[in-house]
Every structure is written in C-alpha cells, then in structure tokens.
A.B. asks: 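Structure below; questions to follow.
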Amino acid sequence: MPPSSASTSAAEAKPAGASGGVQSLERAFDLLERMADAGGEVGLSELSGSSGLPLPTIHRLMRTLVACGYVRQQPNRRYALGPRLIRLGESASRLLGTWARPFLARLVEETGETANMALLDGDEIVYVAQVPSRHAVRMFTEVGRRVLPHSTGVGKALLANHPPEEVRALLGRTGMPAATEKTITDPERFLDALADVRRLGYAVDDNEQEIGVRCLAVPVPNSPTSAAISISGPTGRVTEAATDKIVPVLQDVAAQLSVALANQTPA
C-alpha cells in the first residue's frame with residue numbers, strides 16, 4: 001500500500017541507518033511494481049502522484065535503479081523497466097512453477113483435464129506451469145506461452161478485480177484481436193464478463209481462444225503476484241454439468257496453493 005502523506009513526511013525525517021536502508025528498498029520495489037502496473041513506462045510526476053512520495057525522493061531512487069540496470073531512462077525522459085529484470089523474472093517464474101506443479105497434479109487427478117498456472121505480466125498472460133491430461137487430446141497451452149488476457153479464462157480471473165479504467169486501458173493497448181469467432185472483442189462486453197466472474201467466483205473461456213476447447217479458471221487468493229489456475233479440456237468433456245463439479249476443486253486447490261506460496265515452501 002502507498003504510504004500516507006503523514007507517514008511519508010515522518011519517514012523522510014528519519015536519519016539514515018539500517019531502517020532507512022530497508023525503507024529505501026521497500027520504496028524502490030514499490031516504484032518498480034507501479035511501473036509494471038502502468039505498462040512498464042512512466043514519468044516521474046506519475047510515480048509521485050500514485051505513490052505519494054516527493055519528486056526528489058523518486059528521482060534519487062530512480063537514479064539508483066538506472067545505475068543497477070533495473071530501470072532505463074528513455075529519450076523522452078520517461079522511465080521504463082530495464083532488461084536486468086528479465087533474468088530475475090524468468091528465474092522466479094520457474095521456481096513458482098515448481099511450487100505449483102504438485103497442486104496442478106491434484107487438479108489433473110480429480111478432473112482428468114490439463115491443469116495450468118498463469119501470471120499477468122504487463123499486458124499479457126504467461127503460462128508458468130502445466131500438468132497435462134492423460135487424454136490423447138492436448139490443449140494449446142504450454143509453459144512459457146504468452147497470450148492476451150481477453151481471450152482466456154485465466155485472463156478474466158486475473159483481471160476481474162482490477163478497476164474498470166485499468167482494464168479499459170489494457171484493452172486499448174492490446175486492441176482485443178479475435179483468436180476465434182467466439183472471442184470477446186468489445187471492451188464493455190468484456191467488463192460484463194468480468195462482472196460475471198466476480199458474481200460466480202470463477203471464469204470461463206468458452207471456445208474463445210481455441211474452438212472446441214473450454215477452460216475454467218480461478219485466481220490464487222493473496223498470491224504474491226497476480227496468479228490464476230485453470231483446467232482446459234474439450235467442450236464435450238468440460239460441460240455445464242462438469243463445471244459444477246470442477247469449480248469447487250479449482251477453488252480448493254487455489255486456496256491450498258495460496259497457503260504454500262505464503263509459506264514459500266513446496267507442497
């Protein structure tokens with residue numbers, strides 16, 4: 001959470017020391033996350049407005065992040081996430097996938113369908129873990145694949161609790177191309193679909209990414225980064241009747257995975 005103006009002023013008045021060093025780290029990571037939420041590129045005034053920190057403090061932190069390679073300054077003097085973050089993100093994603101696989105294996109065991117875990121990375125969905133179904137028919141997803149959120153169940157699950165203006169901005173950047181004739185390509189219809197996710201507690205991709213494939217997804221509550229898990233299968237197996245049985249399993253596994261991630265230990 002951003003600090004209040006009162007706490008910020010008090011913090012600024014503290015002398016440098018061990019606690020000051022920790023505070024600088026917290027602020028630096030907060031700024032990086034705000035940059036990611038804004039699409040990866042921001043101006044100092046935007047960061048000041050959203051974080052509540054004074055411009056001189058932000059400028060000092062950004063200079064350090066630029067020097068370390070985690071942020072780069074653009075020719076237009078705006079700041080963008082730097083390439084050094086890529087290696088950190090890839091390593092963290094692999095570890096997250098390792099922790100998730102036992103939970104996905106339970107999903108496959110109880111539903112018979114392919115289980116996936118995905119993250120929201122900027123404007124895209126990236127699949128970080130998968131346990132395939134034992135059935136011969138496999139799904140389009142694979143670890144490392146990136147897709148746009150508007151055409152996937154995990155994308156809807158991840159965006160359902162974002163403010164509408166943030167969702168509209170994301171959709172404006174991606175353009176909402178159609179993957180199939182069933183893909184939602186209108187922002188207002190997509191926002192209506194997100195309202196359904198909040199009401200039902202799960203998201204559905206019904207032939208929207210791949211014809212003949214139906215996906216059910218739920219968010220991982222209190223995940224350190226926005227994450228969702230899903231099952232995908234042929235529409236002939238992932239029916240409305242099957243949905244009533246599968247969704248409680250998805251929600252239970254998501255809750256267990258949340259606890260494991262909070263404890264930072266594998267299952």
Side-chain angles (χ1 to χ4, degrees), residues 1-97 118-128 144-149 155 158-159 161-163 165-175 222-228 261 264:
M1 293 291 292
S4 67
S5 58
S7 63
T8 299
S9 299
E12 287 295 315
K14 289 182 180 178
S19 62
V22 170
Q23 183 185 70
S24 293
L25 281 173
E26 290 175 347
R27 287 175 170 175
F29 285 123
D30 179 64
L31 292 179
L32 289 173
E33 291 187 1
R34 290 178 187 278
M35 292 178 71
D37 290 341
E41 181 180 324
V42 295
L44 292 183
S45 59
E46 295 170 58
L47 284 175
S48 180
S50 65
S51 69
L53 292 174
L55 276 172
T57 299
I58 294 176
H59 191 258
R60 173 174 53 81
L61 292 170
M62 296 301 278
R63 279 205 315 267
T64 301
L65 291 170
V66 168
C68 293
Y70 297 117
V71 169
R72 55 192 174 89
Q73 190 171 19
Q74 307 284 64
N76 61 4
R77 302 193 64 79
R78 289 168 65 83
Y79 290 86
L81 296 176
R84 196 169 182 186
L85 290 169
I86 296 173
R87 181 170 64 90
L88 299 181
E90 289 177 345
S91 297
S93 293
R94 285 194 296 270
L95 184 56
L96 190 59
L119 309 179
L120 182 62
D121 183 20
D123 291 345
E124 297 179 316
I125 297 297
V126 58
Y127 290 92
V128 296
R145 180 164 184 181
R146 290 175 174 269
V147 295
L148 297 179
L158 288 167
L159 290 177
N161 289 313
H162 282 229
E165 61 272 17
E166 289 185 10
V167 176
R168 286 192 183 94
L170 183 152
L171 298 176
R173 292 190 296 269
T174 64
N222 304 314
S223 175
T225 187
S226 294
L261 294 177
Q264 297 186 352

A.B. asks: Can you tell if the side chain of Tyr70 reaches within under 4.5 Å of the side chain of Thr64, non-hydrogen atoms only?
C.D. replies: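 Sidechains of Thr64 and Tyr70: no contact.
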
A.B. asks: Do you know the tightest heavy-atom contact between Val42 and Met35?
C.D. replies: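 Closest approach of Val42 to Met35: CG2-CG, 3.6 Å.
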
A.B. asks: Which atoms form the tightest heavy-atom contact between Leu261 and Ser223, and what is the distance?
C.D. replies: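 Minimum heavy-atom contact is CD1-OG, 4.0 Å.
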
A.B. asks: For the atom pair OH (Tyr79) and CG (Leu31), what is the distance rounded to the nearest 0.5 Å?
C.D. replies: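 Output value for this atom pair is 11.5 Å.
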
A.B. asks: Considering non-hydrogen atoms only, spot the tightest contact between Leu55 and Ser48 and give its length.
C.D. replies: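 Where Leu55 meets Ser48 most closely, the heavy atoms are CD2-CB, 3.9 Å.
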
A.B. asks: Test of understanding: with side chain to side chain contact (heavy atoms under 4.5 Å, CB included), list the residues that count as partners of Asp121, not counting sequence neighbours.
C.D. replies: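 Asp121: side chain to side chain contact (heavy atoms under 4.5 Å, CB included) contacts with Val126, Arg146.
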
A.B. asks: Taking only residues two or more places apart in sequence, or in another chain, which ones meet Arg63 in a side-chain hydrogen bond (donor to acceptor under 3.5 Å, both in side chains)?
C.D. replies: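 With neighbours one apart ignored, the set is His59.
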
A.B. asks: With rounding to the nearest 0.5 angstrom, report the CG to CZ distance, Leu65 to Phe29.
C.D. replies: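 Here the interatomic distance stands at 8.5 Å.
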
A.B. asks: With side-chain contact (heavy atoms from CB on, under 4.5 Å) as the criterion, how do His162 and Leu170 come out once you've worked through the C-alpha distance, each side chain's angles and the decisive distance to 0.1 Å?
C.D. replies: CA-CA 11 Å; His162 282 229; Leu170 183 152; over 6 Å; no

A.B. asks: What distance separates Leu61 CG from Leu25 CG, expressed to the nearest 0.5 Å?
C.D. replies: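 These two atoms lie 9.5 Å from each other.
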
A.B. asks: Which residues pass the side chain to side chain contact (heavy atoms under 4.5 Å, CB included) test with Gln74, sequence neighbours left out?
C.D. replies: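 Gln74 satisfies side chain to side chain contact (heavy atoms under 4.5 Å, CB included) with Glu41, Arg72, Asn76, Ala80 only.
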
A.B. asks: Indicate yes or no for a side-chain donor-acceptor contact from Ser226 to the backbone of Leu119 under 3.5 Å, with no hydrogens or angles considered.
C.D. replies: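 A pair under 3.5 Å: no.
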
A.B. asks: Report yes if the side chains of Leu32 and Leu81 come closer than 4.5 Å at any heavy-atom pair, otherwise no.
C.D. replies: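 SC-SC contact between Leu32 and Leu81 confirmed.
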
A.B. asks: So do the side chains of Glu124 and Leu148 get within less than 4.5 Å of each other, counting heavy atoms only?
C.D. replies: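 Contact flag for Glu124/Leu148 side chains = yes.
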
A.B. asks: Just do the side-chain contact (heavy atoms from CB on, under 4.5 Å) check on Ser51 and Arg27 with the steps written out, would you?
C.D. replies: CA-CA 9 Å; Ser51 69; Arg27 287 175 170 175; over 6 Å; no

A.B. asks: Between Glu46 and Arg34, is there a side-chain N and carboxylate O pair less than 4.0 Å apart?
C.D. replies: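 No, no charged N to carboxylate O under 4.0 Å.
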
